[in-house]
Amino acid sequence: MAAWQDRIRMVELACGCDPRFEVSRIEENANPSYSILTIERLHAAGCGPLAFLIGADAFAEIRTWHRWQDVIRLVEFIVVTRPGFNYDAPPDCVVHELTGLDLPVSSSEVRDGIAAGMTDVPVPDAVFHYIRQHGLYQSWQAAEKG
């Protein structure tokens, strides 16, 4: 995993070309960083209503999340469908499906690809260069080889 400072910098790089995006630092110094704690911080700051954008593969695991019942009570979900991934939404969970994006890989697969030395990964060029420059997501074998 990347340190918080690296993750926030990658978000800044990814969003930097579009002035409609604003990078939040609400999770700075949050340890641990559970989604429910971030949602509660946002609510306390007067933000809302909240929508949680998430891939279908990650949403399929919602029942394993810390305080997941509170999460589904406090936000609506925008679930990005992915080929081959199905999910079963918990009762009382508001879900809006976002179809047609055709995102064939997950963030975990992107990180795994980078660790394996792939250079053709679906991230903005500035983010990819930052990852390479800072040696992020390298497997321990690759890190030992230098």
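Every heavy atom of this structure was used, including side-chain atoms; hydrogens, water molecules and symmetry mates were not.
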Apply the test side chain to side chain contact (heavy atoms under 4.5 Å, CB included) to residues L50 and E76: give CA-CA distance (whole Å), side-chain angles for both, the deciding distance (0.1 Å), then the verdict.
CA-CA 7 Å; L50 299 176; E76 294 186 4; over 6 Å; no
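- Ring geometry for F77 versus W65: interplanar angle over 60°, hence perpendicular rather than tilted (30 to 60°).
- The pair D70-R73 meets the salt-bridge criterion, with a side-chain N (NZ, NE, NH1 or NH2) lying under 4.0 Å from an Asp/Glu carboxylate O.
- Taking a 6.0 Å sphere around CG of D18, one finds it holds more than 12 heavy atoms contributed by other residues, nucleotides or ligands.
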For side chain to side chain contact (heavy atoms under 4.5 Å, CB included), just list the numbers for F128 and V121, CA-CA rounded to whole Å, side-chain angles, deciding distance to a tenth of an Å, and then say yes or no.
CA-CA 8 Å; F128 182 75; V121 292; 3.5 Å; yes
When you look at V95 and F59, which way does the side chain to side chain contact (heavy atoms under 4.5 Å, CB included) test go after all the steps?
CA-CA 10 Å; V95 175; F59 184 71; 3.7 Å; yes
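- Residue L98 is not grouped with residue I62 when hydrophobic side chains (ILVMFWY) are merged at heavy-atom distances under 4.5 angstrom, including chains of intermediate members.
- Contact check for L136 versus M10: side-chain heavy atoms found under the 4.5 Å cut-off.
- Note on V75: it clusters hydrophobically with L42, by side-chain heavy-atom contacts below 4.5 Å among ILVMFWY residues.
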Carefully, step by step, assess I54 and I78 under the rule side chain to side chain contact (heavy atoms under 4.5 Å, CB included).
CA-CA 6 Å; I54 188 170; I78 301 171; over 6 Å; no
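- Side-chain contact check for Y137 and D112: no donor-acceptor pair (N or O, by modelled atom type) lies under 3.5 Å.
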Test Y87 against E97 for side-chain hydrogen bond (donor to acceptor under 3.5 Å, both in side chains), laying out the working first.
CA-CA 11 Å; Y87 61 87; E97 281 194 345; 2.7 Å; yes
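- Counting non-hydrogen atoms of other residues, nucleotides and ligands closer than 6.0 Å to CZ of R41 gives a total above 12.
- Comment: E40 engages R67 in a salt bridge, judged by a side-chain N to carboxylate O separation of less than 4.0 angstrom.
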